[in-house]
There are 2 protein chains.
Amino acid sequence: MKRPTIADIAREAGVSKGAVSYALNGQPGVSPATRERILAVADRLNFHADSNARALAGAKARVVGLTLQRPPSTLGIEPFFMELISGVELELSRQSYALLLQMAPSRDEELAFYRRWFSEGRVDGVLVCDVRTGDPRIAVLEELGLPAVVIGPPDVSGRLPSAWSDDAQSMVEAVEYLAALGHRRVARVGGIPELAHTAIRTRAFTEVCARLSLAEAVTAPTDYSGESGARATRRLLTATTRPTAIIYDNDVMAVAGLTVAHELGIAVPSELSIVAWDDSPICRLLHPSLTALTRDIGGYGVAAARMLLAAVAGAPVESAHGAPAHLTPRGSTARHPAS
Amino acid sequence: MKRPTIADIAREAGVSKGAVSYALNGQPGVSPATRERILAVADRLNFHADSNARALAGAKARVVGLTLQRPPSTLGIEPFFMELISGVELELSRQSYALLLQMAPSRDEELAFYRRWFSEGRVDGVLVCDVRTGDPRIAVLEELGLPAVVIGPPDVSGRLPSAWSDDAQSMVEAVEYLAALGHRRVARVGGIPELAHTAIRTRAFTEVCARLSLAEAVTAPTDYSGESGARATRRLLTATTRPTAIIYDNDVMAVAGLTVAHELGIAVPSELSIVAWDDSPICRLLHPSLTALTRDIGGYGVAAARMLLAAVAGAPVESAHGAPAHLTPRGSTARHPAS
DNA sequence: CTGAAAGCGCTTACAG
DNA sequence: CTGAAAGCGCTTACAG
C-alpha cells in the first residue's frame, strides 16, 4: 500500500509542498481558505506525515524514552512501574507522543541506551527512574543536553527537574500512627538501599522512631521482591524480641509478610500490625486487608510526562511535588497490646 | 553537543560517505583495510547513525510497536503483559530493536494507532495481543502489508503468523486432575468472553466436563480484574449447590477467590480446591500456595518478537506453538471429599 | 574496490 | 500570502 506524501497533497490541492507543510502544522503563511482545502485533502487521503522525514528536517520526533533497569532473568515488572507507565502513556497520548520502552540489564547499559537514543535522534527526551545518590545518569544527561525529567526525589536530580513527593512526611505519618496505637517496636522491610528514595525513607524512619522514643528502628534491606520480603519478615519475626508492627516499602513484600506471619502462627493484626507502602487492588482483596500508604503513582507519570514535553518544547520546567502518600487504615493494623 | 555524521567519519577516514555507509552496514564494496579504518573512526567518535535518516533512506526503522487495549481509567497492566513485554524486550534488544508501547482506550483506537504508525513510517512491524474472533485488526494489518505477529491462537490470526500454545490441552489437564481428586462439581471463573483464547478454554472446559460426566460446567465471565473475580466467586460459593473446585482464568482472580473463600468461612483446600491459570510469585507466596497452570509467558514474547523480526527481514514465518501450560500442584487443591 | 550523485519526505528560511 | 529551493543524514544504484 502506497503512503501519500505532501507532494501528493500539494498536487491534489494545487499548491506547493511548503504550503502543505505550513497548513498541516498550523503555521502562518497560508490563507484560511487554502489551509482548509489542504486539510480536507489530507484528511481524505488519510495522510500522516512521515515521522522520520519530519524529525530529519528538524521537527520533533514525537517520541520519548523510558528505561527500566532489571536483570535479564527477571520476569515481569513491578506494579509501581505498571501504574507509572500507564500514567506516562495517558499524558503522552494526549499530546500525540509515543513511548519507547527499554529494559536494561544494568545501570551501564541504561546509560548506553540514553547515549544511543541521543546519537540516533530517536527521542526528544527521556524519563529517568530509580535514581541513586550520585547517579551517573544525571550528569550524562545534563552533558548531552537531552531533555529529561527525573521520577524521584529532587535532591539527587541535579539540574534536571524532578517529579516526586515527600516520602519523609509519609513515613512520619505511618510511624506516628503505629505509635498512637501503642506500638513500641516497629521494624521496617525496606527497598533497595542504594536508591535515593529508600535512603530518604530510612533516615525519616530512624529519626521519627528516635523522636518518639521507640525501640531501635531496624530496617531490613531487600531487593523489593516478594521472596526477599518474606525472608526479611521471617528473620524479624523469629528474633528474640520481635517487632509488633512492620512497615513494608512496597505492597508485594507486605503481601509476602502477611503470608509469613500466617505461616508462623502470628495473628495479624492482633499480634502483628502490617503497613504497606503503595496501595494496590490486592491490598484491598486480602484478608485482612492491608493498611497502606496510598499515593497516585499514575499521577507521577502524568506529571513527569507533562514536564518532559514542556522541556522538549523549550519551556522552563520546575520540579513538581505531588501529594505525599497518605495512610489508608485497614484491617492489618490494630492497637497493641490488642485490646 | 554536536552529533557526528557519516560526513565527519568520511572526512576523518579519508573516504566517501558511501564507503562509510557500506562499512558500517557490513555491505560489500569496501576493502577490509578501509572498513577497519572506518569502523575505528566511528568507534572513536562514538558514532550511531541517525535512525530517522536511515529509515527515510529506505533502511529499517528498527522499531516495532505493541498496543495494549485498556480503558483510560485503568491503572496498571496485568502481570501477564508485564511478563510478555519483558520477553519481547529481551529478544528485541538482542537484535538492536526498540519497542514502541502504546495503550489504547478502545479497539478502534488500537486500529488507528496501527494505521498511523504505518503512515508515519514509525515501525517496521507490530505485535497484536488480545485477539477476538473476527478481530478487524487482522484484516487491516493484512491489507496494509505491515509485518505483524499475533500473540494468540492461530485460528483467529488469518494469514498472519501467531505465537501461542494449546489452551484446550491445558484445560483438559486441569479438569482431569480435579476429577481424579474426586471433584464432581467444578466451576470456572473465566476471562473476557470475547477473547478468542477464552472461547477456546470455555469450549474445552465444557467438553471435558461432559466427557467425564461432571456436573454442568459453569463458566462465570469476568473482565480479568480481581474485583470481578471476587464477585464471581461470591456468586458461585453462595449458590444452593456450590462447586467443590474452581478454575480461574488468571492468577489475580484466583488470589481474590481464595480471599473470598476465607471470608465466607470455606476452607481451602479441604472444602474448596482452587486452580489458577498462569503462575506468578504471588501464587507461591500465598497460604495455601496456589495450584497453577504454569507457562512460560516471557517465552511467548521472545518467540513472537523473533518471528516478527524475521518477517520484517522478509523471511517466511510460520505460526509457532509453545509448550502448553502445565499443572503445578500446590496447597490449594486436595481430594474431595477431603480425607 | 571506490567516488560522486540522486533521492527518501519532510521543514524552513528566502524571494517574490 | 505563496512558490521554488536548500538541506536534514542517511542508503543505494551507477559510473569509473
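To find a chain, count down the sequence lines: A is the first, B the second, and so on, and within it residues start at 1.
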Seminar exercise, completed: Counting only Watson-Crick and G-U wobble pairs with both atom distances below 3.5 Å, the stems of 3 or more consecutive pairs that include DNA chain D are C:1-3 with D:14-16, C:5-12 with D:5-12, C:14-16 with D:1-3
Exercise. Taking the six-membered ring for Trp, are B/F80 and B/Y300 parallel (under 30°), tilted (30 to 60°) or perpendicular (over 60°)?
Worked result: perpendicular
Exercise. Among side-chain atoms of B/T67 and B/Q102, is any donor-acceptor pair under 3.5 angstrom?
Worked result: no
Exercise. Are B/D135 and B/R132 within salt-bridge range, i.e. N to O under 4.0 Å?
Worked result: no
Problem set entry | B/T34, nearest nucleotide to its side chain (from C/dT2, D/dC10, D/dT11) | C/dT2
Exercise. Does the pair B/E83/B/R295 count as a salt bridge with the N-to-O cut at 4.0 Å?
Worked result: no
For this session: Measure the distance from CG on A/N25 to C1' on C/dA13 and round it to the nearest whole Å.
Result: 15 Å
Exercise. Nearest-Å distance, CG (B/L24) to P (D/dG9)?
Worked result: 15 Å
For this session: Could you state the atom-to-atom distance from CZ of A/R11 to P of D/dG3 in whole Å?
Result: 15 Å
Exercise. A/V30 has a side chain; which of D/dT2, D/dC10, C/dC1 sits nearest to it?
Worked result: D/dT2
Problem set entry | Rounded distance (Å) that lies between atom P of C/dG9 and atom CZ of B/R54 | 17 Å
Exercise. Any side-chain N or O of B/S51 less than 4.0 Å from the OP1 or OP2 oxygen of D/dC10?
Worked result: no
Exercise. Separation of A/L56 atom CG from D/dG7 atom C1', in whole Å?
Worked result: 9 Å
For this session: Round to the nearest Å and state the distance from A/R62 atom CZ to C/dG9 atom P.
Result: 21 Å
For this session: May I ask you to decide whether A/R107 forms a salt bridge with A/E194, counting only side-chain N to carboxylate O separations under 4.0 Å?
Result: no
For this session: Flag the pair B/R3 and B/D50 as a salt bridge only when some basic side-chain nitrogen lies within less than 4.0 angstrom of an acidic carboxylate oxygen.
Result: yes
For this session: Check each of B/E142, B/E318, B/E143 against B/R159 using the salt bridge (charged side-chain N to carboxylate O under 4.0 Å, His left out) test, and report the only one that passes.
Result: B/E142
Seminar exercise, completed: Taking for B/P28 and for A/H48 the nucleotide of DNA chain C with the nearest heavy atom, the one nearer the 5' end belongs to B/P28
Problem set entry | Nearest-Å distance for atom pair CZ/P, residues B/R3 and D/dC8 | 12 Å
For this session: Would you mind classifying the nucleic acid contact of A/G29 as base, sugar-phosphate or nothing, using non-hydrogen atoms under 4.0 angstrom?
Result: base
Exercise. Which whole-number value in Å describes the distance from B/D50 CG to C/dT11 C1'?
Worked result: 15 Å
Exercise. Where along residues 12-23 of chain B does a heavy atom fall under 4.0 Å from DNA chain D?
Worked result: B/K17, B/G18, B/S21, B/Y22
Problem set entry | B/E12 and B/R44 ion-paired at < 4.0 Å | yes
Exercise. Has A/T5 got a side-chain N or O lying under 4.0 Å from the OP1 or OP2 atom of C/dC8?
Worked result: no
For this session: State which of D/dC1, D/dG9, C/dC10 makes the closest approach to the side chain of B/A53.
Result: D/dG9
Problem set entry | Matching residue for B/L308 among B/V88, B/D124, B/V149 - test: side-chain contact (heavy atoms from CB on, under 4.5 Å) | B/V149
Problem set entry | N/O (side chain, B/Q27) to phosphate O (OP1/OP2, D/dT11) under 4.0 Å | no
Problem set entry | Set of residues satisfying side chain to side chain donor-acceptor pair (under 3.5 Å) with respect to B/S157, sequence neighbours excluded | none
